[in-house]
Each structure stands twice: as C-alpha cells, then as structure tokens.
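Just below is one structure, and these are the notes that go with it.
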Amino acid sequence: MKTKFAASSGVATMVDMGLFALISKITTIPVEFINIFSSLVGMIINFVLQKKFIFELNRKVSTAFILSLLVSFGGIFISTSIIYGLKRFELFQL
C-alpha cells in the first residue's frame with residue numbers, strides 16, 4: 001500500500017514539475033499562474049490514481065474530490081506564495 005501511494009504521488013509530482021517547467025519555458029505567463037495550473041493538474045492526477053489503485057471511497061466521488069481540492073488549495077497557496085516571494089530576489093529571476 002505504501003509503495004502504491006508513493007508511486008502515485010511520485011507520478012503526480014513529476015507531471016506537476018514537468019508541466020511547470022515546460023510551460024514556463026514556452027510562454028511568458030507569470031510563474032505564479034503556471035504553478036497554480038500545474039499543481040491543479042498534478043492534484044487531479046493524484047486523486048484519480050489513488051482512487052483507482054489505493055483507496056476505497058466511502059462517500060460520493062464528487063464529495064471526496066471537493067475535500068481533496070480544498071486540502072490541496074492550502075498547499076497550492078503556500079507554494080505560490082513562496083514562488084511570488086522568491087521572484088522578488090534578483091538571484092531567482094528567470
């Protein structure tokens with residue numbers, strides 16, 4: 001179970017980071033918006049993989065997804081805030 005959980009989270013993280021890197025290289029969209037988008041895509045992938053391979057839902061899928069989304073918003077807010085703060089330093093300018 002732990003291996004499946006780690007694998008699904010790893011896949012979602014790789015998609016999140018890869019999408020972030022790709023979009024930031026090919027567009028001029030601010031990185032904060034790219035982070036929000038790539039994080040949401042990674043969260044959706046993680047939810048789907050864990051629903052299919054790890055957890056048995058005891059409630060409706062829509063309810064579980066909304067709860068997962070609410071928890072994920074906390075992490076997305078923190079990571080976007082960090083990116084915004086780091087962008088203010090010349091060392092981290094793209």
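Hydrogens, waters and symmetry mates are skipped; everything else that's a heavy atom, side chains included, is used. These numbers were taken from a predicted model, which means no experiment stands behind them.
With a 4.5 Å cut-off on side-chain heavy atoms, L40 and L69 count as touching. Here the side chains of F65 and M43 are in contact, with some heavy-atom distance below 4.5 Å. At a threshold of 4.5 Å between non-hydrogen side-chain atoms, the residues D16 and V41 do not count as touching. At a threshold of 4.5 Å between non-hydrogen side-chain atoms, the residues R59 and L67 count as touching. Counting heavy atoms from C-beta outward, S9 and Q50 have side chains that approach closer than 4.5 Å. Residues F20 and V31 are in side-chain contact: their nearest non-hydrogen atoms beyond the backbone lie under 4.5 Å apart.
A donor-acceptor distance shorter than 3.5 angstrom exists from the side chain of S81 to the backbone of F77, with no hydrogens or angles considered.
Considering CD1 of I23 and CD1 of I34, their distance stands at 6.0 Å, rounded to 0.5 Å. One finds the CG atom of N58 at 12.0 Å from the OG1 atom of T63 (value rounded to the nearest 0.5 Å). A distance of 13.5 Å separates CE of M17 from CG of L22, quoted to the nearest 0.5 Å. Atoms CD1 and CD1, on I36 and I29 in that order, are 11.5 Å from each other to the nearest 0.5 Å.
Here the closest heavy-atom approach between residue N46 and residue A12 is recorded as CB-CB, 3.6 Å. Of all heavy-atom pairs spanning S39 and I76, the tightest one is CB-CG1, 3.5 Å. Nearest heavy atoms, N35 versus S79: ND2-OG, 3.0 Å. Smallest separation of non-hydrogen atoms from S8 and I54: OG-CD1, 3.5 Å.
Of the N and O atoms on the side chains of E32 and T80, not one donor lies less than 3.5 Å from an acceptor on the other residue.
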Could you please spell out the steps behind the side chain to side chain contact (heavy atoms under 4.5 Å, CB included) verdict for F55 and F47?
-> CA-CA 10 Å; F55 298 113; F47 179 83; over 6 Å; no
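Under the 4.5 Å side-chain heavy-atom criterion for Ile, Leu, Val, Met, Phe, Trp and Tyr, L91 and Y84 are members of distinct hydrophobic clusters. There is a path of hydrophobic side-chain contacts, each under 4.5 Å, that joins I78 to F89.
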